[in-house]
Amino acid sequence: MADTWLEVPPGSPFPAESLPYGVFSSAPGGAPRVGVAVGAHVLDLAPLLDDTVFGRASLNPFLARGPDAWRATRGLLQDLLGHRSRRDEVARHLIALSDVRLHLPVEVADYVDFYSSLHHAQNLGRMLRPDSEALTPNWRHLPVAYHGRAGTVVVSGTPVVRPRGQRREAGDAGPSLGPSTRLDIEAEVGFVVGVGSEPGRGVAVSAFRDHVFGVVLVNDWSARDIQAWEYVPLGPFLGKSFATSVSAWVLPLEALEAARVPSPRQDPPPLPYLAPGEDWGLDLSLEVALNGDVVARPPFASMYWTPAQQLAHMTVNGAALRTGDLYASGTVSGPAPGQQGSLIELSRNGATPIRLPRSCRTPRLPR
Ligand code: CA
């Protein structure tokens, strides 16, 4: 545990070594601004550090400053929280988490979603294309992805309206339009780009840390009925674009040093521009809960392609990065039962019900 004078409740998701950044507002109608979560509090950075970059309604201006500034700010915060002598100057800028409203932390520039879990790709391939190879021929040679809709990325907790769309289920005489009857979740980890890149110049695997600031949790909501009917030949479209939820907190890469592990062996070895380089496998344990009941624990360390390889691939054609770009890992699914990050996998495409221990309770209807 990092040393701090601040009392951090046991089991808090925000220990002093994490220090994730977010955008919050306090009083009703108060201006959104940048804060850091620690223990049961948000640290109000603009007055504490006397820096207007933290008075803005998104993290983007701070992210654009680059890795030296990210490192210096984190060092300063660790110093302020680590020394009892700094307590008085810090304590008056602590606001209880229970008193704040959280906003989308990043103005999302472009949004890309990968498909980098071998187990997820195999599971989906078997369900969607039962008569052919589970993995497409390109899958082990490049991190497959599509461009999603940046404008519908929302902060976790934002209500999502059930999407309508065109679908055609097996046995239907023709397509029909209506609300999705197979709305799914996808548990993913997203990577937030801080520093952009020049058009025409790819970003090397080794430059990952020069561009990527940190990670968010992502739920790539997916309407399976709409998706299954529309996705050939150009991939996901309206089955995905209605909403993507991200966590309110962006955890800096620096906070993940202890989680770094070798990525799984890649066979065949990828082309040289995708050579894995430094270890950027991340030993993160995700949890998927439905109404409070954990139904899956997907292990991120099982991902086939690393975020550094994904970044190199999405720029190898010369496409430039922008501050605020978000790219997600793809559904995280491990090899064992209970490690799948989507309901279509956990329920074997609806064949096996997912039992919730608490589902027999009488639901409370909102008044
Ligand atoms: Ca996805």
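Excluded from the calculations below are hydrogen atoms, water molecules and symmetry mates; all remaining heavy atoms, backbone and side chain alike, are included. Read the numbers this way: they start at 1 and go in the same order the structure lists the ligands and their atoms.
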Intermediate values then yes/no, side-chain contact (heavy atoms from CB on, under 4.5 Å), L326 and V106: CA-CA 9 Å; L326 169 69; V106 173; over 6 Å; no
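A salt bridge between R92 and E89 is absent, with no side-chain N of the basic residue lying under 4.0 Å from a carboxylate O of the acidic one.
Aromatic pair W280/F208: ring centres closer than 6.0 Å.
Considering only heavy atoms from C-beta on, I226 stays 4.5 Å or farther from F237 through its side chain. When side chains are defined from C-beta on, W139 counts as touching V144, because their heavy atoms get closer than 4.5 Å.
No more than 12 heavy atoms of other residues, nucleotides or ligands lie within 6.0 Å of CD in E198, so this atom counts as exposed by the packing criterion.
Around the Ca ion (ligand 1), protein atoms of type N, O or S found under 3.0 Å number 4.
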